Amino acid sequence: MQGIGAVAGINGASCEIALDPAAIDALADSADPAIASAGTVGSQVKVRSGAAWLIANIRSMQLDARSGHVVAQVDFLGEGDEEKLTGKLYSFRRGVTRYPPAGTAVFPVSTADLKQMYAADDRAHVEVGTVYPTRDIRAALYVDAMLGKHFALLGSTGTGKSTSAALILHRICELAPQGHVVMIDPHGEYAAAFKTNGALFDVSNLAMPYWLMNFEEHCEVFVTTSGADRQVDADILAKCVLQAKQKNRLAAEFGKLTVDAPIPYLLSDLSQILQNEMGKMDKATDTAPYLRLKSKIEEIKGDPRYAFMFSGMLVSDTMASFISRIFRMPGNGKPISIIDVSGVPSEITSVVVAVLSRMVFDYAIWSRGEAQRPVLLVCEEAHRYVPNERHADGSSVAKILSRIAKEGRKYGVSLGLVTQRPSDLAEGVLSQCGTIIAMRLNNDRDQAFVRAAMPEGARGFLDSIPALRNRECVIVGEGVATPVRVSLDTLEESKRPASDDPVFSKLWCRSGGEETILENTIRRWRAQGR
């Protein structure tokens, strides 16, 4: 095998190699695509170290005018043993046991070597695409490792992020048809992708009882003041909500209740209790907090947009059936729930997401000792729900998702974050994701944020992120054997989300039917989705 250079210097995680341009040019016509692309940024090389081969990824290259050699910075990916008779690489593993000395010859990696590197082992896995630059080596994601330590899918708008998320979730659902996946869909895109193997929920059929909210979430909905007045209102609300819950026969069964306990109560009872407490006040000024709370409750009860959550039909104890429906227990061949929150009033969208997320986490905590049923919670547009300090609004959803990111894996809750703006995510949340799937990112701040969350050996792959094509990604972390650049599979039309951009040049050539379009649109607009 012909060498293409030699090790010039080494510092542990990476090394510097001197490549011979003539030797690289001689490989350009090779029938093996991996060898033909040897010596280019993003390609792999191998170096002998004792009885093993070290595999490294070329991060950057620069011509040394004095020597005529090309000096390349490479990052070590791992090592593999050599089969004595054939000389082929096998038993590839992460990490480096022994580093090569300066002057050691450098060789191109062949397609056969790449097959050994990326060959899926006997762990449960799903195949999502092909390894760059090959056309037949399949890229595998190890499901248990990826879900056990959370994952993030990142990519600018228009890179195929939504379709890639649907592809990964479809593959997981095919592998685990009795799984438990809950996806928060803020734009109503994913219902089209999971018509056959998912349960679809929106404001028309979600039927989420208001009494499932904890006290912090109650305050976000019912308390409208700020500062000192907010604390006064919250104290009154806590006392009155607790009294309303104690009216339920379940209260006697469980003894002393807390205000956070998910016990059904009537909004009419809460209003009456506020009225009664207000009657005990000596001065008219003391009644202001009661009037504010009572007015807000009546406003929400009368607003048809809130009916999916605050309807008078949702006062019975439906907690078991709600969890069964949303968490897919049993799945009945539809292991994923798509929760379309696009029709939820914007004032309470974060509360609805907070309740759903907290239900996942609380279920995992309180079901310990039972047969375990892990749940995957996927959040599209995650930067809306776990924003960084600059965009923080103090909402409860950021707190619960941050807690899931830090503690969820201990209880069998996996978190999947999908976002186009990783730099707007809360600090530390991305670093809790053991697997990062990065598509093209155009913003410098986003690139720097992802780079800071990546392991050192994957930095070379990160440098290619701005140059990735649509439906290409770099995958690093627990879910893959080694960092890898992947061309993702094409998803069938019927399984794609409804996220295609409008084709202006075609749509603006059409006319006719505008009266009907306006009439139907205004009717839905006024009905607010009912």
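Hydrogens, waters and symmetry mates play no part in the numbers below; they use all other heavy atoms, side chains included. Computed from a predicted model, the values in this text were never measured in an experiment.
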Under a 4.5 Å cut-off applied to non-hydrogen side-chain atoms, are V352 and F308 in contact? yes

Is there a donor-acceptor pair under 3.5 Å between the side chain of K495 and the backbone N or O of A166? no

Give a yes or no answer on whether the side chain of D424 reaches the backbone of H383 with a donor-acceptor pair at less than 3.5 Å. no

For R469, is the CZ atom crowded, meaning more than 12 foreign heavy atoms sit under 6.0 Å from it? no

Reported CG-to-SG distance for the pair L237 and C219, which is rounded to 0.5 angstrom: 5.5 Å

Looking at T287 and M278, would you say the former's side chain and the latter's main chain have a donor-acceptor pair under 3.5 Å? no

Treating R496 as the side-chain partner and L491 as the backbone partner, does any N or O pair qualify as donor plus acceptor under 3.5 Å? yes

Full working for side chain to side chain contact (heavy atoms under 4.5 Å, CB included) between Y411 and V375: CA-CA 10 Å; Y411 301 103; V375 178; over 6 Å; no

Between I168 and V126, is the side chain to side chain contact (heavy atoms under 4.5 Å, CB included) condition met? List the steps. CA-CA 8 Å; I168 293 168; V126 293; 5.7 Å; no

Indicate yes or no: at least one non-hydrogen side-chain atom of L154 is less than 4.5 angstrom from one of D446. no

Any chance you could measure M213, atom CE, to S396, atom OG, to the nearest 0.5 Å? 10.0 Å

Report yes if some heavy atom in the side chain of F327 is under 4.5 Å from a heavy atom in the side chain of M359; otherwise report no. yes

Gap separating the CG atom of L293 from the CG atom of L274, nearest 0.5 angstrom: 5.5 Å

Would you call the rings of F310 and F222 parallel, tilted or perpendicular if under 30° counts as parallel and over 60° as perpendicular? perpendicular

Got V397 and E220 here, is their nearest side-chain heavy-atom distance under 4.5 Å? no

Using salt bridge (Lys or Arg N to Asp or Glu O under 4.0 Å), reason through E407 and K410 one step at a time and then give a plain yes or no. CA-CA 6 Å; E407 305 173 31; K410 301 174 186 175; 5.7 Å; no

Please work out whether the ring planes of F504 and W508 are parallel, tilted or perpendicular, with thresholds of 30° and 60°. perpendicular

Sub-4.5 Å side-chain heavy-atom contact between D185 and F201: no

Would you give the length of the straight line joining atom NZ of K256 to atom CD of Q246, rounded to the nearest 0.5 angstrom? 9.5 Å

Under 3.5 Å, is there a donor on one side chain and an acceptor on the other for E189 and S162? yes

Test log, rule salt bridge (Lys or Arg N to Asp or Glu O under 4.0 Å), inputs R485 and E472: CA-CA 7 Å; R485 179 173 169 178; E472 271 195 347; 2.9 Å; yes

So which atom in G333 and which in Q178 form the shortest heavy-atom distance, rounded to 0.1 Å? N-NE2, 3.9 Å

Short question: side chain of T163, backbone of G160 - any donor-acceptor pair under 3.5 Å? no

Under 3.5 Å: donor-acceptor pair, side chain of H180, backbone of R328: yes

Closest non-hydrogen atom pair between K161 and M439, with its separation: CA-SD, 3.7 Å

Can a donor-acceptor pair be found, under 3.5 Å and without considering hydrogens, that links the side chain of H150 to the backbone of Q432? no

H170 vs F194, test: ring pair (Phe, Tyr, Trp, His ring centres under 6.0 Å). Steps then yes/no. CA-CA 8 Å; H170 271 300; F194 293 93; 4.2 Å; yes

The test is side chain to side chain contact (heavy atoms under 4.5 Å, CB included); show your working for V413 and Y363 and say whether it passes. CA-CA 10 Å; V413 178; Y363 172 81; over 6 Å; no

After noting the C-alpha distance and the side-chain angles of D489 and R138, does the key distance pass the side chain to side chain contact (heavy atoms under 4.5 Å, CB included) rule? CA-CA 10 Å; D489 290 339; R138 301 293 289 161; 2.7 Å; yes

From K296 atom NZ to D233 atom CG, the distance as rounded to the nearest 0.5 Å: 12.5 Å

Will you find, in the side chains of D340 and S342, an N or O donor that is under 3.5 Å from an N or O acceptor? yes

Side-chain contact test, heavy atoms from C-beta onward, threshold under 4.5 Å: evaluate it for L401 versus L377 and give yes or no. yes

Would you sort out whether E216 and R358 count as a salt bridge (Lys or Arg N to Asp or Glu O under 4.0 Å), showing the intermediate values? CA-CA 12 Å; E216 184 179 4; R358 186 178 49 75; over 6 Å; no

I want to check something: taking the side chain as every heavy atom from C-beta on, are N442 and T159 in contact at a cut-off of under 4.5 Å? no

Measure the shortest side-chain to side-chain distance between Y385 and T349 over non-hydrogen atoms and say whether it is less than 4.5 angstrom. yes

Sub-3.5 Å donor-acceptor pair from the side chain of Q447 to the main-chain atoms of L441, do we have one? yes

Quick check: does any side chain N or O of E514 sit under 3.5 Å from a backbone N or O of G512, one acting as donor and the other as acceptor? yes

Within a reach of under 6.0 Å around NZ of K149, are more than 12 heavy atoms found that belong to other residues, nucleotides or ligands? no

To the nearest 0.5 Å, what is the distance between CE on M208 and CZ on F322? 5.5 Å

Has the side chain of R325 got a donor or acceptor atom that lies under 3.5 Å from a matching backbone atom of L206? yes

